[in-house]
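Beneath this line is the structure, given in structure tokens, with notes to follow.
All residue numbers refer to positions in the sequence shown, counting from 1.
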Amino acid sequence: MSSAPDPSSTHDDARMREADGPLESERSGALPQLSRKGWAWTIAGLVALVGAVATYAFAAAQAESVRWREVGFDVIDDSQIEATFDAFLYTDADAECLVRALNESYTEVGVVTVHVARADGAEQRIETLIATTERATTATVVGCTALED
């Protein structure tokens, strides 16, 4: 005699597997099922977000009246370091740049404010000495700001 599977036990086995955990598609990290309209709104939202961030970044970059680029430094001795940086002035105003010297622990050991005269050009290479309280291992520009006329 052949024994056919009991239909009630097969149905119970399927229910047991279902109750054990999420479906295979849920466990595999499958994308949520969205309609075409849902995907269109999602993509439109992402495009709008990227556009807003790009617009803000562009506007912020255009609003800068002074920009700088660090070029390098030279440790003279235990009490001074020379910092070199480029300054770019986008208005007719002079600027001031704050430059600091750091030791090997990144502690500030010297600071100087450098006046950048617009009359000397819109793009300038600045070299400045910073007096230090101990040996500096690096010099960095903290920032530059345009001065009011």
Side-chain angles (χ1 to χ4, degrees), residues 10-149:
T10 306
H11 184 66
D12 288 341
D13 289 344
R15 265 189 290 175
M16 290 294 284
R17 282 192 303 269
E18 219 173 87
D20 285 342
L23 299 173
E24 181 63 32
S25 65
E26 292 173 350
R27 283 184 278 169
S28 67
L31 292 174
Q33 298 298 318
L34 293 176
S35 65
R36 285 186 178 192
K37 187 175 182 181
W39 277 113
W41 279 107
T42 301
I43 291 170
L46 289 173
V47 167
L49 179 64
V50 168
V53 169
T55 301
Y56 175 78
F58 180 76
Q62 296 301 315
E64 285 185 283
S65 55
V66 182
R67 207 170 44 84
W68 71 93
R69 177 179 53 220
E70 294 175 353
V71 175
F73 62 90
D74 184 28
V75 178
I76 307 299
D77 57 32
D78 288 347
S79 63
Q80 58 183 348
I81 188 170
E82 182 180 58
T84 305
F85 65 97
D86 292 332
F88 305 92
L89 307 175
Y90 298 112
T91 64
D92 290 336
D94 291 355
E96 282 188 345
C97 297
L98 184 65
V99 186
R100 67 179 177 178
L102 306 174
N103 67 9
E104 63 187 14
S105 301
Y106 300 104
T107 302
E108 186 176 280
V109 294
V111 65
V112 66
T113 301
V114 179
H115 182 83
V116 182
R118 178 62 170 95
D120 294 338
E123 297 180 14
Q124 301 177 39
R125 170 124 329 152
I126 310 292
E127 295 177 349
T128 185
L129 285 175
I130 305 170
T132 60
T133 57
E134 61 182 74
R135 187 170 191 82
T137 57
T138 190
T140 181
V141 178
V142 176
C144 295
T145 55
L147 301 173
E148 298 294 320
D149 285 335

Exercise. Looking only at heavy atoms, which two atoms of T91 and S65 are closest? And how far apart?
Worked result: CG2-CB, 3.6 Å
For this session: Taking the side chain as every heavy atom from C-beta outward, state whether T132 and R135 have any atom pair closer than 4.5 Å.
Result: no
Exercise. Measuring from N103:CG to T137:OG1, what's the distance to the nearest 0.5 Å?
Worked result: 6.0 Å
Problem set entry | Spatial distance of atom CG (D94) from atom OG1 (T145) [nearest 0.5 Å] | 11.0 Å
For this session: Find the distance between CZ (F73) and CG (L102) and round it off to the nearest 0.5 Å.
Result: 9.5 Å
Exercise. Salt bridge between R125 and D86, side-chain N to carboxylate O under 4.0 Å?
Worked result: yes
Problem set entry | Heavy-atom closest pair, residues I81 and D74 | CG1-O, 3.4 Å
For this session: Look at atom CD of E134 and say whether more than 12 heavy atoms of other residues, nucleotides or ligands are closer to it than 6.0 Å.
Result: yes
For this session: Considering non-hydrogen atoms only, spot the tightest contact between V109 and A136 and give its length.
Result: CG2-CB, 3.9 Å
Exercise. In Å and rounded to the nearest 0.5 Å, what is the SG to NE2 distance from C97 to H115?
Worked result: 10.0 Å
For this session: For residues V66 and Y90, report the shortest heavy-atom separation together with the two atoms involved.
Result: N-CD1, 4.3 Å
For this session: Might you point out which heavy atoms bring A83 and I130 nearest each other, and give the distance in Å?
Result: CB-CD1, 4.2 Å
Exercise. Distance from R69 atom CZ to R67 atom CZ, nearest 0.5 Å?
Worked result: 7.0 Å
Exercise. Hey, what do you get for CD1 (I126) to CG (D120), rounding to the nearest 0.5 Å?
Worked result: 7.5 Å
Exercise. Does Q124 use its side chain to pair, donor to acceptor, with the backbone of A117 at less than 3.5 Å?
Worked result: yes
For this session: Could you tell me which non-hydrogen atom of E70 sits nearest to which non-hydrogen atom of F85, and how far apart they are?
Result: CA-CB, 4.1 Å
